[in-house]
Amino acid sequence: MIGAYSVAQIRDAEAAAMRDVPDGELMQRASYALAMHCLEVLRARRGHVRGSRVVLLVGSGGNGGDALYAGKFLAQRGIAVTALLANPDKTYPGALGAFRAAGGYAEPLRGNRAATARESAAVIETADVVIDGLVGLGSGRVLDLPEPIAAALAGHAGIVAVDVPSGVDVDTGVPAEDAIRARVTVTFGALKHAHVLAPGHCGAVELVDIGLERYLPIPDARILTDIDVASAWPQPAHDGHKYSLGVVAIAAGSDRYPGAAVLCSGGALRAKPGMVRYLGEPHAADRVIAAWPEAVVAASMQDAGRTDAWVVGPGIGTDERGQALVDEALQLDVPVLFDADALTVLSQRDDPLTDRTAPTVLTPHTGEFARLFGEVTDPLTSAREAAAQTGAVVLLKGPSTVIASPDGTAYLNTTGTSKLATAGTGDVLSGIIGALLAAGLDPALAAALGAHAHGAAAGLADGFIVAGDLPSLLRTYLAQTL
Ligand SMILES: NC(=O)C1=CN([C@@H]2O[C@H](COP(=O)(O)OP(=O)(O)OC[C@H]3O[C@@H](n4cnc5c(N)ncnc54)[C@H](O)[C@@H]3O)[C@@H](O)[C@H]2O)[C@@H](O)CC1
Ligand SMILES: [K+]
């Protein structure tokens, strides 16, 4: 498990660390590592470092200080480094002098004249690497750069962001419209939320150790890795039997949408050994059995036999039958995951979860989320508020899926891939999570492990996938990981 920290947590940890280490030491560690990563990008882009040109975008705070000190190290290597100062009257104390002493050249970034902006844009365009040190932990507001400069940055393929791409809100990952899009983001001490929630702006994230670890509190949010999958995924004991890891039942699909039934059952069956029950209309049940003869068809929710968790919703429709399934599932005293059509039905009820005694997991995409709770402001805050309001674990799907639990625990998923942006992948995900719920895992952990494995499985495929590929990809992923 890796921690993702809030700005307030990082600022507290830095303040505590700075009481123990000599003045300026943390920034020296950060900027030296930053310079080393810039050398790597230069080598990747040019094949060598000699004769290359680096431009620094320098803001007034510590982020600009990091950029200037990194520029000092690069200038000492004989690289031509130009600093463009966003606020020439205010730069980080000592940094500009050190940069100039090493042979760096500095000029203002913004001018009142359009010509000045165009000159800065030309300097940016000819740079092999641009170091974005405009704003770091204080980031989030619109940068409001003159148009030629903004255009030069938007078209640059060698931007290295210091700590976080300027203009991206560090706690929510929400980018201002002119936020920097980096090739690499070099961050210090610990990951912050934006590194997971704004992958398109951060590019590759490099975490540098500056000695903050022992000052960090319990992280505000958690990131699972394959190691967590290996240690927490349910695995059969030597004397295990088909019931040992729990039985999941799937109420998905309909005669109109039989595919959802097949996909959801497949996700559940490939997630762990044991038993999967299926409840649905006859044509859908036939299709499930044809695809997965291992599934056991149930007659009704009440007479399904031993069942340790239910998945209700994908492809059930929102008509009377779908509504009846949801209402019946609300009464069950085992964990229930509501997805897709079930979420739409729930959005038509007043406070439907108040009488639930066992855990509930909701897995909306942003549209379903909006129907239930209103528009998403930012994924982490919105998922947390929804979980607190309903008492359910809320998994909000998106490029970076967020899982929030009513007690405030949150997981940020890092395995998301655009390969999953295809019909039916959510049905497989709900089946996987249902299987983990049936095994008795903590519901938020079950949802987070499911999302991690689902994305990681998709990532194993060459090229595009269809949802039906996911169960076998999951099998491969688990074989490699467990
Ligand atoms: N404090 C420490 O110990 C360390 C800090 N480090 C660096 O210092 C950074 C934090 O420094 P600061 O606290 O000075 O904060 P920043 O450098 O992020 O921001 C400083 C200034 O930028 C202004 N600003 C914010 N948004 C702006 C916008 N859109 N346009 C123009 N100006 C804007 C703010 O008003 C503030 O005055 C970190 O992100 C990291 O890069 C690192 O050197 C590691 C050690
Ligand atoms: K930055």
Side-chain angles (χ1 to χ4, degrees), residues 5-35 37-38 55-73 83-95 98 108-110 129-146 149-150 153 159-171 174-195 198 201-203 205-213 215-216:
Y5 294 83
S6 68
V7 172
Q9 290 185 313
I10 295 291
R11 289 213 187 272
D12 285 351
E14 282 181 349
M18 280 193 285
R19 286 194 282 273
D20 291 348
V21 300
D23 225 18
E25 174 68 20
L26 292 183
M27 187 171 279
Q28 291 308 308
R29 292 176 192 168
S31 54
Y32 184 75
L34 172 62
H37 281 288
C38 290
V55 164
L56 319 176
L57 306 177
V58 180
S60 57
N63 202 245
D66 288 343
L68 284 168
Y69 280 116
K72 178 194 87 167
F73 290 123
L84 299 176
L85 309 178
N87 185 349
D89 298 330
K90 189 171 173 234
T91 51
Y92 194 82
L109 169 65
R110 299 163 199 266
V129 161
V130 175
I131 299 182
D132 159 29
L134 286 173
V135 56
L137 288 177
S139 183
R141 303 206 312 265
V142 173
L143 301 172
D144 224 4
L145 295 168
I149 296 175
L153 290 170
I159 299 181
V160 177
V162 184
D163 209 4
V164 67
S166 300
V168 174
D169 188 288
V170 188
D171 277 341
V174 174
E177 60 194 28
D178 58 354
I180 302 284
R181 283 181 183 271
R183 173 190 182 112
V184 179
T185 294
V186 183
T187 191
F188 315 115
L191 293 181
K192 293 108 205 179
H193 299 162
H195 297 125
H201 284 77
C202 291
V205 176
E206 301 286 353
L207 173 60
V208 171
D209 181 7
I210 57 168
L212 219 53
E213 188 112 8
Y215 303 97
L216 289 168

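Whatever order the structure lists ligands and atoms in, that order sets their numbers, starting from 1.
- The number of heavy atoms from other shown groups lying within 6.0 Å of CD (E25) is above 12.
- Looking at ligand 1, you'll find an N or O of L137 within less than 3.5 Å of one of its N or O atoms.
- Here the options are L34, V208, V21, D209, the test is side chain to side chain contact (heavy atoms under 4.5 Å, CB included), and the partner is R29; only V21 passes.
- Contact annotation for V164 and ligand 1: no heavy atom of the residue comes within less than 4.0 Å of the ligand.
- Residue V142 comes nearest to A176 through the heavy atom pair CA-CB, 3.8 Å, listed as atom of the first residue, atom of the second, then distance.
- Remark: the backbone N or O of P165 is not paired with any side-chain donor or acceptor of D132 at under 3.5 angstrom.
- Heavy-atom proximity to L26, at under 4.0 Å, picks out these atoms of ligand 1: 3 (O), 45 (C).
- Closest of all the heavy-atom pairs between L84 and P108 is CD2-O, 4.3 Å.
- Considering backbone and side-chain N/O of R11, one or more are found under 3.5 Å from N/O of ligand 1.
- In summary, V135 places an N/O/S atom under 3.4 Å from the K ion (ligand 2), meeting the contact criterion.
- Within the structure, ligand 1 lacks G59 among the residues with a heavy atom less than 4.0 angstrom away.
- Separating the CG atom in D178 from the CG atom in L145 is a distance of 6.0 Å, to the nearest 0.5 Å.
- Shown here for Y5 and A190, the closest heavy-atom pair between the two residues is CD1-CB, 3.5 Å.
- In terms of N/O distances under 3.5 Å, ligand 1 is approached by G138.
- Taking CG of L207 as the start and OG1 of T185 as the end, the distance is 12.0 Å to the nearest 0.5 Å.
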Problem set entry | Stepwise side chain to side chain contact (heavy atoms under 4.5 Å, CB included) check, S166 with L57 | CA-CA 10 Å; S166 300; L57 306 177; over 6 Å; no
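- By the 3.5 Å distance cut-off applied to N or O atoms, N63 is counted among the residues near ligand 1.
- Residue contacts with ligand 1: R29 is excluded, as none of its non-hydrogen atoms falls under 4.0 Å.
- Nearest protein neighbour of atom 40 (C) of ligand 1, counting heavy atoms only, is D66 OD2, 3.1 Å.
- Annotation for D23: atom CG does not count as buried by contact number, only 12 or fewer foreign heavy atoms lying within 6.0 Å.
- Of the N or O atoms in G136, one or more lie within a sub-3.5 Å distance of an N or O in ligand 1.
- Checked against the K ion (ligand 2), the N, O or S atom of D132 at the shortest distance is O.
- Protein heavy atom at the shortest distance from atom 14 (O) of ligand 1 is G62 N, 2.7 Å.
- With respect to atom 20 (C) of ligand 1, the closest heavy atom belonging to the protein is G61 CA, 3.6 Å.
- If you number the atoms of ligand 1 from 1 as listed, the ones under 4.0 Å from a heavy atom of D163 come out as 38 (C), 39 (O), 40 (C), 41 (O).
- Rounded to 10°, the angle formed at the K ion (ligand 2) by O of V164 and OG of S166 is 100°.
- Nearest non-hydrogen protein atom to atom 29 (N) of ligand 1 is V142 O, 3.1 Å.
- In the vicinity of E14, heavy-atom distances shorter than 4.0 Å reach the ligand 1 atoms 1 (N), 2 (C), 3 (O), 4 (C), 5 (C), 44 (C), 45 (C).
- For the pair OD1 of N63 and O of V162, the angle whose vertex sits at the K ion (ligand 2) is 80° to 10 degrees.
- Checking M27, M18, R141 against atom 33 (C) of ligand 1, the nearest heavy atom belongs to R141.
- Within the 4.0 Å heavy-atom shell around ligand 1 one does not find L134.
- Remark: minimum distance from atom 19 (O) of ligand 1 to any protein heavy atom is reached at V135 CG2, 3.7 Å.
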Candidate pair V170 and I10, rule side chain to side chain contact (heavy atoms under 4.5 Å, CB included), full reasoning
CA-CA 11 Å; V170 188; I10 295 291; over 6 Å; no
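- Of the candidates A13, G140, S60, A86, it is S60 that places a heavy atom closest to atom 23 (C) of ligand 1.
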Could you go through the side chain to side chain contact (heavy atoms under 4.5 Å, CB included) check for I159 and R181 one step at a time? CA-CA 7 Å; I159 299 181; R181 283 181 183 271; over 6 Å; no
Worksheet item: Hey, mind stepping through V164 and N63 against side chain to side chain contact (heavy atoms under 4.5 Å, CB included) and telling me if it holds?
Response: CA-CA 9 Å; V164 67; N63 202 245; 5.7 Å; no
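- Rounding to the nearest 0.5 angstrom, the gap separating the CG atom in L26 from the OG atom in S31 is 10.5 Å.
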